[in-house]
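Small disclaimer: the values here were computed from a predicted structure and weren't measured. Because only heavy atoms are used, hydrogens play no part in the values below, and waters and symmetry mates are left out as well, while side chains stay in.
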Amino acid sequence: GINAEYGVQKNNGKLGTLSNNSGGIQGGISNGENIVFRVAFKPAATISVDQNTASFDGTPSVLKSKGRHDPCVVPRAVPIVEAMAALVLADAAMQQLARESSFLPSSN
C-alpha cells in the first residue's frame with residue numbers, strides 16, 4: 001500500500017531494500033533480500049483407540065494409550081522445514097531456468 005516502505009538503497013555494493021519487512025518476497029518474486037518465513041505446528045495428538053502391534057521379537061500385542069502423551073516434534077521439525085524450503089527454492093530455480101532456456105534458439 002501507500003504506507004509500505006519498499007525504498008531501495010545500496011548495501012555493500014548491491015542494491016537492496018531499506019527494510020526486509022516483506023521477508024524477501026514481494027508479489028511472489030524474490031527481491032534479493034534474505035528470505036524469512038515463520039512456521040507453526042499443531043501438536044500431534046495421542047490416538048486413544050487401541051492399536052494392534054507387535055513387539056521386537058514379533059509377539060502380537062495391543063497398544064493402549066492412557067492420558068495424553070503428545071510428543072515434542074520440534075527436534076524433527078527444523079530439518080524437515082529446512083529441507084522443504086530448499087526443495088521449494090530448487091523447484092522455483094528449475095522452473096525459471098526452463099522458462100529462460102525455452103527462448104534460446106535450438107541447436108538444430
Side-chain angles (χ1 to χ4, degrees):
I2 191 73
N3 297 324
E5 183 63 54
Y6 297 117
V8 177
Q9 67 182 1
K10 197 169 190 176
N11 293 325
N12 300 326
K14 294 180 358 182
L15 290 177
T17 56
L18 293 173
S19 69
N20 194 16
N21 294 334
S22 65
I25 306 289
Q26 292 173 333
I29 301 171
S30 170
N31 63 10
E33 297 292 332
N34 291 333
I35 296 176
V36 180
F37 59 93
R38 295 182 182 158
V39 178
F41 282 88
K42 178 180 177 279
T46 303
I47 299 172
S48 60
V49 176
D50 293 352
Q51 299 176 54
N52 294 323
T53 186
S55 62
F56 284 109
D57 65 2
T59 307
S61 61
V62 176
L63 179 65
K64 299 178 183 181
S65 64
K66 297 175 186 168
R68 293 194 55 128
H69 306 282
D70 297 341
C72 178
V73 297
V74 173
R76 294 181 215 103
V78 173
I80 291 170
V81 170
E82 288 175 347
M84 285 306 302
L87 283 171
V88 168
L89 291 174
D91 185 49
M94 290 172 52
Q95 287 178 12
Q96 183 62 33
L97 280 173
R99 281 188 209 102
E100 291 172 359
S101 66
S102 64
F103 293 109
L104 297 175
S106 63
S107 59
N108 294 340

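Between the side chain of Glu33 and the backbone N or O of Thr17, at least one donor-acceptor pair lies under 3.5 Å.
Within the 4.5 Å cutoff, no side-chain heavy atoms of Ile80 are placed close to those of Phe41. A heavy-atom distance below 4.5 Å is not found between the side chains of Ile25 and Phe37. Gln96 is listed as a side-chain neighbour of Glu100, based on a closest heavy-atom distance under 4.5 Å.
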Show the atom names and distances, to 0.1 Å, of all donor-acceptor pairs under 3.5 Å that link a side chain in residues 56-64 to residues at least two apart or in another chain.
| from | atom 1 | to | atom 2 | distance (Å) |
| --- | --- | --- | --- | --- |
| Asp57 | OD1 | Ser55 | OG | 2.4 |
| Asp57 | OD1 | Thr59 | N | 3.1 |
| Asp57 | OD1 | Thr59 | OG1 | 2.8 |
| Asp57 | OD2 | Thr59 | OG1 | 3.4 |

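A distance of 7.0 Å separates CG of Leu15 from NZ of Lys10, quoted to the nearest 0.5 Å. Interatomic distance, Ile35 CD1 to Ser22 OG, rounded to the nearest 0.5 Å: 10.0 Å. Leu89 CG to Met84 CE: the interatomic distance, rounded to the nearest 0.5 Å, is 10.5 Å.
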| When you look at Gln95 and Arg99, which way does the side-chain contact (heavy atoms from CB on, under 4.5 Å) test go after all the steps? | CA-CA 6 Å; Gln95 287 178 12; Arg99 281 188 209 102; 3.7 Å; yes

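Between Asn20 and Gly24 the shortest heavy-atom distance is OD1-N, 2.7 Å.
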